[in-house]
J.: 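Below is the structure I would like to discuss, written out as structure tokens.
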Amino acid sequence: MHVEQIYTGCLAQGAYYIVSNGEAAIIDPLREIKPYLNRAKEDNVKIKYIFETHFHADFVSGHITLSKETGAPIIYGPNAETSFDAIIASDEQEFKIGDVTIVVLHTPGHTMESTTYLLRDEKGKNHAIFSGDTLFIGDVGRPDLAQKATTMTQEDLAGILYDSLRTKIMPLADDVIVYPAHGAGSACGKNLSKETIGTIGGQKQSNYALRANMSKEEFIKEVTDGLLPPPQYFPLNVKMNKEGYEDIDQVIKRGTQALTPKAFKISANQTNALLLDVRNQKDFAAGHIPGSIFIGLDGGFAPWVGTLIGDVKHPILLITPEGREEETVTRLSRIGFDNTLGYLKGGFDSWRKMDMEYDTVSSITANRFKEIIEKEEVLIFDVRKNGEYISEHLDKAKNTPLSGINEYFTEFDSNKSCYVHCAGGYRSMIAASILKSRGIHNLIDIAGGFAAIKEAEIPVSDFICPTT
């Protein structure tokens, strides 16, 4: 028996590859399926089953395409309803992969079809669980994502999740390995650990939601407290996972069409496409196409696209680093953004060489910023998360988290210089690009963000532990 976690950092997502005696199973595959096909070919094994822990909201799964390519059936737990052929398993139903067994444990609460898969080894011993979004390392799945599809409240779902954890998962032996669907960075929970593998015993000791003496009322209160609104694209991804989607090869073919600057401009005007610039923030600040939005590939790319753009069907035109065009289209398709129409051939340099209009973002060092605030009163906007801001911030900064930047749009004074920062410079450049696209141009980015501000010894508030 061999179990491998295939982790994708940008989505903080774990898919799983299980092999035993010539047969394999894939759990929660990503949309691009070639890595799974290649691995099975290298190992000379047949992919027998594709297991889905639930209808994912934060990414588009590769289950449909993988099933078409391999003939392997798609397995969901009880209560799942799909528009494609799938086996809707019953609770405690067993599936054989070579010499090992996968047991279905229906664990509703995150969603009503949420299912944990228990892996038993060749001797029938419980070895591991693949817990999906039911149990994470350090947290449990948020119970508010399935509300719109049911008559249940998030409190109802939290109560069901409490029962699932305590009747199906916590009774398992302490040495059983926990393989969750996500780690830190995912919006599917609120306190996920950076660790992506644990044990039942370890979680009983460290996970707040698995306290032995925790009442259902306490669980409901703690699990639902402090939940931020889910990203706009979540229900659209659920719909795609339930009903199907376009083949990713077609999405990539359409999205990787090279457009000359002239053709790019014409396409933008005709389609009203969003111009998405995925280069480094320093390159974007030095020069970019007017109206374009920056969300860099080398950051939390996919989650920020989903959070800030929202509509997966909106047409997109890309400005990318050379050689990373297909990567960009692929990463967009992972979260359902399939309507990419092409990219700027030759990148931004080709645009500038054609003497076409471009814009910049003003940026200053933290040391220069320190000199300015010692002489005058200025407007300062901190686009970090609320918890980061509470932990430590500039005394006169206003917290305008990036995820809700449109809500704070009117607070940016177009007649005064607005200084913007985040933790390191990535999010503040995203914020600046969005604000500039809406006509706010008097923005000045503090290069290096809060880390540079502290290094420059600019006075900040007293530190408060984020977990307090």
J.: Determine yes or no for a side-chain-to-main-chain donor-acceptor pair under 3.5 angstrom, with Asp139 supplying the side chain and Gly189 the backbone.
T.: no
J.: Quick check: do His127 and Val176 have side-chain heavy atoms less than 4.5 Å from each other?
T.: no
J.: Please determine whether the number of non-hydrogen atoms from other residues, nucleotides or ligands lying under 6.0 Å from atom CG of Asn44 exceeds 12.
T.: no
J.: Measuring from atom OH of Tyr179 to atom OG1 of Thr116, what distance do you get when rounded to the nearest 0.5 angstrom?
T.: 15.0 Å
J.: Give the intermediate values and the outcome of side-chain contact (heavy atoms from CB on, under 4.5 Å) for residues Val100 and Lys96.
T.: CA-CA 6 Å; Val100 303; Lys96 294 290 290 186; over 6 Å; no
J.: Show every salt bridge (charged side-chain N to carboxylate O under 4.0 Å, His left out) that has at least one partner inside residues 167-182, sequence neighbours left out.
T.: Asp91-Lys168, Lys125-Asp175, Asp174-Lys204
J.: Are Ile6 and Gln13 side-chain neighbours, meaning at least one heavy-atom pair lies under 4.5 Å?
T.: no
J.: Mind checking whether Phe136 and Gln203 have side chains closer than 4.5 Å, heavy atoms only?
T.: no
J.: Can Arg254 and Asn339 be counted as having a side-chain donor-acceptor contact under 3.5 angstrom?
T.: no
J.: Can Arg334 and Glu32 be said to form a salt bridge (Lys or Arg N to Asp or Glu O under 4.0 Å), step by step?
T.: CA-CA 8 Å; Arg334 287 176 182 166; Glu32 65 272 26; 2.5 Å; yes
J.: List the steps and the verdict of salt bridge (Lys or Arg N to Asp or Glu O under 4.0 Å) for Glu23 and Lys48.
T.: CA-CA 6 Å; Glu23 295 181 335; Lys48 187 177 182 181; 3.5 Å; yes
J.: What about the rings of Tyr76 and Phe55, do their centers lie closer together than 6.0 Å?
T.: yes
J.: Can the ring centres of Phe219 and Tyr162 be said to be less than 6.0 Å apart?
T.: yes
J.: Taking atom types as modelled, is there a side-chain donor on Tyr16 or Gln5 under 3.5 Å from an acceptor on the other?
T.: yes
J.: Okay, side chain of Asn399, backbone of Asp382: is any donor-acceptor separation there less than 3.5 Å?
T.: yes
J.: Got a donor-acceptor contact below 3.5 angstrom from the Glu69 side chain to the Leu66 backbone?
T.: no
J.: Passes side-chain contact (heavy atoms from CB on, under 4.5 Å), Thr53 versus Ile27? Steps please.
T.: CA-CA 8 Å; Thr53 55; Ile27 298 179; 4.1 Å; yes
J.: Can you measure from CG (Leu332) to CD (Glu327) and round to the nearest 0.5 angstrom?
T.: 10.5 Å
J.: Is a donor on one side and an acceptor on the other found under 3.5 Å between the side chain of Tyr389 and the backbone of Ala397?
T.: yes
J.: Going by atom types only, do Thr111 and Ser114 share a side-chain donor-acceptor pair under 3.5 Å?
T.: yes
J.: One pair to check against side-chain contact (heavy atoms from CB on, under 4.5 Å): Thr8 and Leu30. What are the steps and the verdict?
T.: CA-CA 9 Å; Thr8 304; Leu30 280 186; 3.1 Å; yes
J.: Is Lys123 salt-bridged to Asp121, cutoff N-O under 4.0 Å?
T.: no
J.: Does Asp85, at its CG atom, have more than 12 non-hydrogen atoms belonging to other residues, nucleotides or ligands within less than 6.0 Å?
T.: no
J.: Using 4.0 Å as the upper bound for N to carboxylate O, is an ion pair formed by Lys313 and Asp311?
T.: no
J.: Find out whether Ile464 and Glu392 are in side-chain contact, i.e. whether some heavy atom of one side chain is under 4.5 Å from a heavy atom of the other.
T.: no
J.: For Glu4, I'd like to know if atom CD has over 12 heavy atoms of other residues, nucleotides or ligands within 6.0 Å.
T.: yes
J.: Are Phe381 and His421 close enough that their ring centres sit under 6.0 Å apart?
T.: no
J.: How about Phe294 and Tyr426: are their ring centres within less than 6.0 Å of each other?
T.: yes
J.: Does Ile335 reach the side chain of Tyr233, with side-chain heavy atoms less than 4.5 Å apart?
T.: yes
J.: Ignoring hydrogens and angles, state whether a donor on the side chain of His56 or Asn237 is under 3.5 Å from an acceptor on the partner side chain.
T.: no
J.: Quick check against the 3.5 Å criterion: does Asp283 have a side-chain atom that pairs as donor or acceptor with the backbone of Arg279?
T.: no
J.: Can you find a side-chain donor-acceptor pair between Thr107 and Thr134 that sits under 3.5 Å?
T.: yes
J.: I need the Ile129 CD1 to Ile177 CD1 distance, nearest 0.5 Å.
T.: 10.5 Å
J.: Report yes if some heavy atom in the side chain of Thr70 is under 4.5 Å from a heavy atom in the side chain of Leu37; otherwise report no.
T.: yes
J.: Using only heavy-atom distances, determine whether the side chains of Thr400 and Glu411 contain a donor-acceptor pair under 3.5 Å.
T.: no
J.: For Ser428 versus Val420, what's the shortest heavy-atom pair and its separation?
T.: CB-CG1, 3.9 Å
J.: Within a radius of less than 6.0 Å around CD of Glu218, do more than 12 heavy atoms belonging to other residues, nucleotides or ligands occur?
T.: yes
J.: Do Ser403 and Thr307 have side-chain atoms, one donor and one acceptor, less than 3.5 Å apart?
T.: no
J.: Between Ser333 and Gly336, is there a donor-acceptor pair closer than 3.5 Å when you use the side chain of the first and the backbone of the second?
T.: no
J.: Taking it one step at a time, do Arg324 and Val278 satisfy side-chain contact (heavy atoms from CB on, under 4.5 Å)?
T.: CA-CA 9 Å; Arg324 301 185 72 179; Val278 303; over 6 Å; no
J.: Do the side chains of Pro29 and Tyr17 get nearer than 4.5 Å, heavy atoms only?
T.: no
J.: Any salt bridge linking Lys253 with Glu326? Criterion: basic side-chain nitrogen under 4.0 Å from a carboxylate oxygen.
T.: no
J.: At what distance, to the nearest 0.5 angstrom, does OG1 of Thr82 lie from CD of Glu52?
T.: 10.5 Å
J.: Could you check whether any side-chain N or O of Ser186 sits under 3.5 Å from a backbone N or O of His182, counting only pairs where one atom can act as donor and the other as acceptor?
T.: no
J.: Is the side chain of Arg120 donor-acceptor paired with the backbone N or O of Ile102 at a distance under 3.5 Å, no angle test?
T.: no
J.: A quick test of your reading: do over 12 heavy atoms of other residues, nucleotides or ligands sit less than 6.0 Å from CD of Glu195?
T.: no
J.: Of the non-hydrogen atoms in Arg384 and Phe450, which two are nearest, and what is the gap between them?
T.: NH1-CD2, 3.7 Å
J.: Determine whether the aromatic ring centres of residues Phe369 and Tyr419 are separated by less than 6.0 angstrom.
T.: yes
J.: For Glu455, I'd like to know if atom CD has over 12 heavy atoms of other residues, nucleotides or ligands within 6.0 Å.
T.: no
J.: On the 0 to 90° scale, with breaks at 30° and 60°, tag the Tyr245-His63 ring pair as parallel, tilted or perpendicular.
T.: tilted
J.: Closer than 3.5 angstrom, by distance alone: can the side chain of Thr115 be matched with the main-chain N or O of Glu113 as a donor-acceptor pair?
T.: yes
J.: Given Cys422, which of Asp445, Val383, Ile430 fulfils the side-chain contact (heavy atoms from CB on, under 4.5 Å) condition?
T.: Val383
J.: What are the two closest heavy atoms between Val104 and Ala89, and how far apart are they?
T.: CG2-CB, 3.8 Å
J.: With distance as the sole test, does Asn241 use its side chain to make a donor-acceptor pair with the main-chain N or O of Phe59 at under 3.5 Å?
T.: yes
J.: When you compare the side chain of Ser292 with that of Ser433, does any pair of heavy atoms fall below 4.5 Å?
T.: no
J.: Determine the sole option in Phe51, Phe95, Tyr49 for which the ring pair (Phe, Tyr, Trp, His ring centres under 6.0 Å) test with Tyr117 is passed.
T.: Phe51
